[in-house]
Structure formats: structure tokens, C-alpha cells
Amino acid sequence: MYRGKTISVVIPCYNEEEGLKGVIPSIPESVDEIVVVDNNSTDTTAEVARGLGARVVFEGRQGYGAAYKAGLPTVTGEITVTMDGDGTYPVEQIEECIDYLLDNDLDFVSACRFPLRDPQAMNLSNKIGNSVLTIATLLLFMRAIKDSQSGMWIYRSAIYPRLAPKSDGMPLSEEIKIAAIRDPGITFGEYHVNYHPRIGEVKLQKWRDGMLNLLYLLKLRFTPQ
Ligand SMILES: Nc1nc2c(ncn2[C@@H]2O[C@H](COP(=O)(O)OP(=O)(O)O)[C@@H](O)[C@H]2O)c(=O)[nH]1
Ligand SMILES: [Mg+2]
């Protein structure tokens, strides 16, 4: 419980046994529930997660989006916080992000990684890919969102049914933010956070996923709502 609200953290994981050993123990005491979505891992992700006190949801359909769609609707907390299982997002700033949500009376906060506080935390091609996708989001949706691909969101769990994301893959990240931005009943903000170098092996197939994300933005822009 933090500032009178119950808090759930959701972490989608495909083979993140090493990352989880860093992430879960650093989660603040105020978090009521940790949900790890085991997305067909072939390592000990599920055992490590359970051993560290998380509730594990299994999702057999592969993909970042499929994993989130399995985990997000199961939360019991009034506020949902998301992050990767690889130690990149700032567990140490979870409470600060919730403060930003509550103090500004927002419904959805996306944690913004740019400008990077640690330039080593992201390689050059990912920096370029992120910039291209963020500029595309600006041009297509006329919204100056600084980090369209951030995987750390802090939102009031009650709005989840209105966000209703559909993507099974990486585009779910931009989809959920665009849904929040476009909904006149949802207030959206970005909050600048730290971003750290990854623990464990990269899961992103950067050229393929980058192109799929760009195509998805185009499709979303030109599909009637
Ligand atoms: N790429 C990918 N990540 C997945 C999948 N299922 C779950 N994940 C998790 O989603 C998070 C994001 O993936 P990651 O490789 O860190 O992508 P990046 O942060 O965009 O470089 C990690 O915690 C992954 O373990 C999947 O099928 N593909
Ligand atoms: Mg990551």
C-alpha cells in the first residue's frame, strides 16, 4: 500500500531468470503484488519468480503483447506498474512515479527514458530506432510524446478495460499509450526516469520489431476508431 492505494507490479518475462533476481528483490515494500508473466520460458523464470514471492501467470502464446494481455487484467492493486524483467527500468523510482500520477491527478503515466541519464544503457541502433518511432508517432498522431516505446507505465487499474490493447507483439507498448492519449476520459503524462543497462540476453529482434512497430503505427493512424 502506498499513499492509501494498493499497488501491483506486472513483469512480462521470456527467459529472464537472471534479470528477475535483480529486479524482484529491489521492488519497494509498499508494493502489494508482483505478477510475473512467464511467456513460454525455457529457463527457470517461473521458479525464480515464485521463490521471490511473485504470483506467476503462464502465457503460451509468444510475444510481449500476449504476455501483457494475460497479466494486466489479473491485477488486484488499484494502481498498476509495468516493467521489463531485465533490470533496465528504475525499480527505485516506482514510488516517485506513483507520486507523479497522484500529485498531478493523472490516470496514465509513461516513464520517459530520454534524454538518457546513462548513455551506455542503450546501444546506438536502439537509440535511432526509438527516435524514428517517436517522430513517427508525433507526425501521425500530432502528439509530442517523448518516448513512445517505454515499457514502464503507471496507471489506475480501473482504466484498463478502456485501454483494451490488442497487439500480441512489441507494438502493444505504443498501442496502450496511444489509447490513453486518444481517450478524452483519460489524463496522460510522461515522467523522466533512469534507464539502466540490461541484465541477461536481449530478446528484441530490433530490425524486425522496429519495422513491425512502425507499420503498426501507420495501420492504427489510418484505421477508423
Ligand atoms: N521480445 C520479447 N520479449 C518478451 C516476450 N515475452 C515476454 N517478453 C519480455 O518483455 C520484456 C521486453 O523485452 P526486451 O528484450 O527487454 O525488449 P527491449 O526492452 O525492447 O529491448 C522483457 O522482460 C522480456 O522478457 C517475447 O515473446 N518477446
Ligand atoms: Mg528490456
Side-chain angles (χ1 to χ4, degrees), residues 9-27 34-49 52 54-72 74 80-91 93-94 110-114 116-134 137 146-153 165-177 193-214 216-217:
V9 172
V10 181
I11 313 174
C13 290
Y14 174 60
N15 293 345
E16 299 289 4
E17 60 184 7
E18 287 313 316
L20 284 181
K21 289 178 199 162
V23 174
I24 298 181
S26 326
I27 292 179
I34 301 168
V35 180
V36 166
V37 185
D38 170 21
N39 197 197
N40 270 335
S41 298
T42 52
D43 69 358
T44 61
T45 290
E47 291 89 318
V48 169
L52 293 170
R55 170 161 69 79
V56 175
V57 172
F58 177 78
E59 173 54 65
R61 283 176 309 141
Q62 200 65 56
Y64 175 82
Y68 265 130
K69 286 189 292 176
L72 296 177
T74 74
T80 300
V81 180
T82 67
M83 56 176 54
D84 291 1
D86 57 7
T88 47
Y89 287 92
V91 187
Q93 288 179 293
I94 289 178
S110 179
C112 173
R113 300 167 292 176
F114 305 113
L116 287 175
R117 289 193 177 131
D118 171 4
Q120 309 292 328
M122 193 181 284
N123 64 37
L124 182 65
S125 55
N126 278 23
K127 283 180 196 157
I128 296 170
N130 272 289
S131 305
V132 168
L133 290 166
T134 293
T137 310
K146 292 202 196 82
D147 188 0
S148 64
Q149 308 300 310
S150 168
M152 183 176 183
W153 326 308
K166 294 181 184 63
S167 306
D168 284 337
M170 284 293 172
L172 181 123
S173 177
E174 59 204 18
E175 180 187 0
I176 202 161
K177 293 181 200 80
V193 296
N194 303 326
Y195 189 65
H196 307 297
R198 197 187 206 295
I199 305 170
E201 218 176 283
V202 181
K203 309 299 180 314
L204 189 78
Q205 293 177 264
K206 64 187 171 210
W207 298 111
R208 193 199 67 143
D209 286 322
M211 279 312 293
L212 286 175
N213 283 10
L214 187 58
Y216 179 78
L217 283 176

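For ligands, and for the atoms within them, numbers begin at 1 and follow the listed sequence.
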Considering heavy atoms of the protein only, find what lies nearest to [atom] and give residue, atom and distance to 0.1 Å.
atom	value
atom 4 (C) of ligand 1	Tyr14 CB, 3.9 Å
atom 20 (O) of ligand 1	Leu204 CD1, 3.6 Å
atom 14 (P) of ligand 1	Arg198 NH2, 3.6 Å
atom 6 (N) of ligand 1	Asn39 OD1, 2.6 Å
atom 25 (O) of ligand 1	Glu16 OE2, 2.6 Å
atom 10 (O) of ligand 1	Tyr64 CD1, 3.2 Å

Q | Parallel, tilted or perpendicular, as decided by the 30° and 60° cut-offs, for the rings of Tyr195 and Tyr89 | A |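 Ring orientation of Tyr89 relative to Tyr195: perpendicular.
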Distance-only N or O hit between ligand 1 and [X], under 3.5 Å:
X	result
Asp84	yes
Tyr195	no
Gly63	yes
Gly85	yes
Asp209	no

**Q.** ligand 1 contacted by Met170 (non-hydrogen, < 4.0 Å)
**A.**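 Yes; Met170 lies near enough to ligand 1 that a heavy-atom distance drops under 4.0 Å.
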(Q) Please determine whether any non-hydrogen atom of Met83 lies less than 4.0 Å from an atom of ligand 1. (A)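 Judged by the 4.0 Å heavy-atom criterion, Met83 does not count as contacting ligand 1.
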Closest heavy-atom pair and its distance - [X], [Y]:
X	Y	result
Val37	Ala70	CG1-CB, 4.3 Å
Trp207	Ser125	CZ2-CB, 4.4 Å
Ser110	Trp153	OG-CD1, 4.2 Å

Q) Restricting to pairs with a member in residues 203-212, which pass salt bridge (charged side-chain N to carboxylate O under 4.0 Å, His left out), not counting sequence neighbours? A)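 Qualifying pairs, neighbours excluded: Glu16-Lys203.
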(Q) With 2.8 Å as the threshold, which protein atoms of type N, O or S lie near the Mg ion (ligand 2)? Leave waters out. (A)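 Listed by chain and number, the atoms are Asp84 OD2, Asp86 OD2.
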**Q.** Donor-acceptor pair, side chain of Ser167 and main chain of Gly169, under 3.5 angstrom
**A.**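 Answer holds: no.
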Q. With distance as the sole test, does Asn39 use its side chain to make a donor-acceptor pair with the main-chain N or O of Arg61 at under 3.5 Å?
A.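 Side chain of Asn39 to backbone of Arg61: a pair is present.
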Q) Pick one: which of Thr45, Asn40, Thr42 meets side-chain hydrogen bond (donor to acceptor under 3.5 Å, both in side chains) with Asn15? A)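 Testing Asn15 for a side-chain hydrogen bond (donor to acceptor under 3.5 Å, both in side chains) against Thr45, Asn40, Thr42 leaves exactly one candidate, Thr42.
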Q: Going by heavy-atom distance to atom 23 (O) of ligand 1, choose the closest among Pro12, Cys13, Ala66.
A: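 Comparing heavy atoms across Pro12, Cys13, Ala66, the nearest one to atom 23 (O) of ligand 1 lies in Pro12.
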Q) Which atoms of ligand 1 have any heavy atom of Asp86 under 4.0 Å away? A)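 Per the distance check, 16 (O).
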Q. Under a 4.5 Å cut-off applied to non-hydrogen side-chain atoms, are Pro165 and Tyr68 in contact?
A.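 Sidechains of Tyr68 and Pro165: no contact.
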Q: Flag yes if more than 12 heavy atoms outside Gln62 fall under 6.0 Å of its CD atom; otherwise flag no.
A: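 Counting neighbours around CD of Gln62, more than 12 heavy atoms of other residues, nucleotides or ligands fall under 6.0 Å, so yes.
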Q.
Taking atom NZ as the centre, does Lys21 end up with more than 12 heavy-atom neighbours from other residues, nucleotides or ligands that are less than 6.0 angstrom away?
A.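 Counting neighbours around NZ of Lys21, more than 12 heavy atoms of other residues, nucleotides or ligands fall under 6.0 Å, so yes.
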Q: Indicate whether the side chain of Thr88 and that of Arg113 have a donor and an acceptor atom separated by less than 3.5 Å.
A: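 No, no side-chain donor-acceptor contact under 3.5 Å.
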